[in-house]
Amino acid sequence: MSNKSQVRVRFAPSPTGDLHVGNIRTALFDWAYARHTGGKLIFRIEDTDTERVTDQYIKAAIDTLKWLGLNWDEGPEVGGEYGPYLQSQRLEIYATWAQKFLDQGDAYHCYCSAEELEERRSAQMKSNQAPGYDGKCRDLSAQQVSEYKSLGRKPVVRMRMPDGETAFVDAIRGEVKFEHKYVPDFVLARADGSPLYTLAVAVDDVLMKITHVLRGEDLLSSTPRQIRVYQAMGVAESEYPIFAHLPFVMGQDNAKLSKRNGEVSIAWYREQGFLPEAICNYLALLGWSPGDDKENITMQELVDLFTVERVNSSPARFDMKKLEAINGDKIRALTLDKFLEWSLPFLINAKVITGNEQEIEVVKSALPIIQERIIKLSEIPAMLNFLFVEDFKVADEELGKLQDEASQNVLKVALAKVEPLQSWDHAGIEAVLRSALIDELGLKPRIAFSALRIAVTGSHISPPLFESLQLLGKERSIARIKAVISK
RNA sequence: GGCUCCGUCGUCUAGUGGCCUAGGACUCUGGCUUCUCAAGCCAGCUACGAGGGUUCGAAUCCCUUCGGAGCUACCA
């Protein structure tokens, strides 16, 4: 591996939907490796499957990466000297190479129809043979070719797989070897001339001078095909990129994570109020670890510590609970200003506030008391709503808990003690209420304060009571207590 | 079916022949703290897939076996 001094890693998704957890874990490792080595991250869109990749998904992918803080040095929006970085804009390049392979005899035209291929494949399966292209069109005579043409058949371009085997050293798995009899001649370009993944990926990795290919394990068995294309391109073995196939991220059902088994779209995590740094931190721990017992790490620490050698080869199951735990840690570690910045969109979106300065001030003073009680930002609106609702009413379900005599008594006593208060701060409120309800009435705190909590916040689960009263203000607090005292 | 990869607590992991009566984190259970909910603190549960070797000694090396996953497209 001679000239790998300038590391060039690529993240090359095929956005057939929103980027998901698996994609992002790969992107994160690509990014971390590039940054760790001081190399470049190339972001390339593999949109040769035009049926499934749409502009909308491409935009979403770019947006998601940015949101996560995974920046790239070459690719969409930033350009670079090896562009364009959308494969759909590089079609002539692939066509040129396909023709060259044809001219060299490395590839050939194949006229077999989809039906014929399918038929022969199932026959192979039945007779216990390895399924795959049987080489029927490998050496067609001129006459056979013209016969096919007269039938109106359009050929695909197929790569000739020579006898032998392909072995390469995977940076995560060690030496991997494939015998060519199990790697059938594969299609490089469709009958309409458009390229397939196997062609485009290999050509681009060479042309874009990629030195390290870190990608999902699902592509492991397509590696010999790519190497075959390198050979046809005349690339020396010493110039091949280093491959590292990352283990899968799996869902609860033990299958590779996909849309079918769980919430995998990063957009969903974003809406739920997961912090990018929490997602990255958690994902980094799936298949990799810093080595010591440290788990809560910053993006910078990830960059400093990340090496491919420490990447695991076994698949990891995605665990929402752990993500949530990490998210909670990250939220608690936020400065007040940052926490405010993250919170506001959620509050505005939920229509709890409109976003004016006055409201923001209230939010800012309320955030410290809920910071350690949430695991996702999406919980904030429900927690702070009681501070902003105009026509506050306790829901019937909770109201029922206030009807008994004991509760009514607590409310009346509390009201009497609190009404004359000159200054309205949580310490002072707490002092009078404790002395009246706990010391004098002899109530247990959890009993005594429960009724007040419901009266004032509308729920038996709320931020700390006295701070909540202070934030609400004397006037509204008293009004709410009065409202639930039955005459 | 064939090929390839993978196999340590429920989950993520540490571990590269002796430091392992297997460590950490999340979850779970119990307790402490406590105005609710959290957070915090303490304790507990639970794992080297199985079977054979090699070795004075194996989670670590070898073999077999079982299990899981991926690929097997004119998808990527």
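Since we're looking at a predicted model, the values are computed, not measured.
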Open item on the list: Strictly by Watson-Crick or wobble contacts shorter than 3.5 Å, is anything paired with B/rC19, and which nucleotide is it?
Closed with: none
Open item on the list: Expressed as a whole number of angstroms, how long is the span from A/Glu324:CD to B/rA38:P?
Closed with: 13 Å
- [ ] Establish, with yes or no, whether the OP1 or OP2 oxygen of B/rA14 is under 4.0 angstrom from a side-chain nitrogen or oxygen of A/Asn312.
- [x] yes
TODO: Describe the nucleic acid contact of A/Pro315 in one word from base, sugar-phosphate, nothing, applying a heavy-atom distance below 4.0 Å.
DONE: sugar-phosphate
Open item on the list: So A/Thr457, base contact, sugar-phosphate only, or nothing? Heavy-atom distance under 4.0 Å.
Closed with: nothing
Open item on the list: Taking only side-chain N and O atoms of A/Thr48, does any of them lie within less than 4.0 angstrom of OP1 or OP2 on B/rA76?
Closed with: yes
Open item on the list: Distance check needed: B/rU11 C1' versus A/Glu295 CD, whole Å only.
Closed with: 11 Å
Open item on the list: Quick one, A/Phe29 with A/Phe306, criterion ring pair (Phe, Tyr, Trp, His ring centres under 6.0 Å). Give me CA distance, side-chain angles, the key distance, then yes/no.
Closed with: CA-CA 8 Å; A/Phe29 283 21; A/Phe306 186 83; 5.1 Å; yes
Open item on the list: With a 4.0 Å cut-off on N to O distance, would you call A/Arg121 and A/Glu118 a salt bridge?
Closed with: yes
- [ ] Identify whether any heavy atom of A/Gly328 sits under 4.0 Å from a base atom; if not, whether one sits that close to sugar-phosphate; answer base, sugar-phosphate or nothing.
- [x] nothing
Open item on the list: Are A/Leu399 and A/Lys393 packed together at the side-chain level, in the sense that at least one heavy-atom pair is separated by less than 4.5 angstrom?
Closed with: no
- [ ] Would you indicate whether the side-chain heavy atoms of A/Trp424 and A/Val418 approach each other to under 4.5 Å?
- [x] yes
Open item on the list: What contact category does A/Gly216 fall into here, base, sugar-phosphate, or nothing, at under 4.0 angstrom with non-hydrogen atoms?
Closed with: nothing
- [ ] Under 4.0 Å between any heavy atoms, over every strand shown, what does A/Ile438 touch: base, sugar-phosphate, or nothing? Just pick one.
- [x] nothing
TODO: Could you state the atom-to-atom distance from NZ of A/Lys294 to P of B/rC26 in whole Å?
DONE: 15 Å
- [ ] Go through the side-chain N and O atoms of A/Arg190 and A/Ser194 and say whether any donor and acceptor fall under 3.5 Å apart.
- [x] yes
TODO: Classify the nucleic acid contact of A/Arg225 as base, sugar-phosphate or nothing, counting any heavy atom under 4.0 Å across all strands shown.
DONE: base
TODO: For the residue pair A/Gln226 and A/Val229, establish whether any side-chain heavy-atom pair is separated by less than 4.5 Å.
DONE: no
Task: Sugar-phosphate, base or nothing in reach of A/Ser450, heavy atoms under 4.0 Å - done: nothing
TODO: Measure up the A/Phe466 and A/Phe449 rings against each other and bin them: parallel (under 30°), tilted (30 to 60°), perpendicular (over 60°).
DONE: perpendicular
TODO: Establish, for the pair A/Arg10 and A/Phe43, whether the NZ or CZ atom is under 6.0 angstrom from the six-membered ring centre and no further than 45 degrees off its axis.
DONE: no
TODO: Please work out if A/Asn296 contacts a base, only the sugar-phosphate, or nothing of the nucleic acid, heavy-atom cut-off 4.0 Å.
DONE: nothing
Open item on the list: Taking pairing as Watson-Crick or G-U wobble with both contacts under 3.5 Å, can you name the mate of B/rC74, or confirm there isn't one?
Closed with: none
TODO: Consider the side chain of A/Arg373, meaning its heavy atoms from C-beta on, and name the nucleotide among B/rC75, B/rA38, B/rU13 that approaches it most closely.
DONE: B/rA38
- [ ] Answer with base, sugar-phosphate or nothing: what part of the nucleic acid does A/Leu285 contact at a heavy-atom distance below 4.0 Å?
- [x] sugar-phosphate
Task: Short side-chain N/O contact from A/Arg317 to OP1 or OP2 of B/rG68, under 4.0 Å - done: no
- [ ] Go through B/rC74, B/rC35, B/rA76 for me and flag the one nearest to the A/Leu219 side chain.
- [x] B/rA76
- [ ] Ignoring backbone atoms, establish whether A/Ser221 has a side-chain N or O less than 4.0 Å from OP1 or OP2 of B/rC3.
- [x] no
Task: Watson-Crick or G-U wobble partner of B/rC37, both distances under 3.5 Å - done: none
Task: Whole angstrom value for the distance that separates C1' of B/rA38 from CD of A/Glu467 - done: 14 Å
Task: Main-chain N/O of A/Val484 paired to A/Gln408 side chain as donor or acceptor, under 3.5 Å - done: yes
Open item on the list: Output the rounded distance in Å from CZ (A/Arg52) to C1' (B/rA73).
Closed with: 11 Å
Open item on the list: Is the positively charged end of A/Arg158 above the ring of A/Tyr133, judged by distance under 6.0 angstrom from the centroid and angle within 45° of the axis?
Closed with: yes
Open item on the list: Taking only side-chain N and O atoms of A/Arg121, does any of them lie within less than 4.0 angstrom of OP1 or OP2 on B/rA73?
Closed with: yes
TODO: Would you classify A/Pro463 as touching base, sugar-phosphate or nothing, given that sugar-phosphate means primed atoms plus P, OP1 and OP2, and contacts are heavy atoms under 4.0 Å?
DONE: base
Open item on the list: Can you confirm whether or not the ring centre of A/Phe168 sits under 6.0 Å from the ring centre of A/Phe243?
Closed with: yes
Open item on the list: Check for me whether the distance between the ring centres of A/Phe318 and A/Tyr282 falls short of 6.0 Å.
Closed with: yes
Identify all pairs in which a protein N or O lies below 3.5 Å from an N or O of nucleotides 18-22 of chain B, and state each distance.
none

TODO: Looking at every strand, decide which applies to A/Val187 at a 4.0 Å heavy-atom threshold: base, sugar-phosphate, or nothing.
DONE: sugar-phosphate
Task: Rounded distance in Å - CZ (A/Arg453) to P (B/rC37) - done: 8 Å
TODO: Specify the separation, in whole Å, of atom CD of A/Glu372 and atom P of B/rA39.
DONE: 9 Å
TODO: Take atom P in B/rC28 and the same atom in B/rG1, then report the distance between them in whole Å.
DONE: 40 Å
Open item on the list: So if I take residues 170-185 of chain A and measure heavy-atom distances to RNA chain B, which residues fall below 4.0 Å?
Closed with: A/Arg173, A/Val176, A/Lys177, A/Phe178, A/Tyr182
Open item on the list: Below 4.0 angstrom, which residues in residues 375-389 of chain A have at least one non-hydrogen atom near RNA chain B?
Closed with: none
Open item on the list: Students often get this wrong, so: under 4.0 angstrom with heavy atoms, is A/Ala191 touching a base, only sugar-phosphate, or nothing?
Closed with: base
Task: Selection from B/rA39, B/rU27, B/rC74 that lies nearest to any side-chain heavy atom of A/Arg332 - done: B/rA39
TODO: Could you state the atom-to-atom distance from CG of A/Leu220 to P of B/rU72 in whole Å?
DONE: 12 Å
Open item on the list: If you only use heavy atoms from C-beta on, which nucleotide in B/rU13, B/rA76, B/rG24 is closest to the side chain of A/Glu46?
Closed with: B/rA76
TODO: Let me know which of A/Arg228, A/Arg160, A/Lys100 forms a side chain to side chain donor-acceptor pair (under 3.5 Å) with A/Asp106.
DONE: A/Arg228
- [ ] Might you point out which heavy atoms bring A/Gly458 and A/Glu398 nearest each other, and give the distance in Å?
- [x] O-CG, 3.6 Å
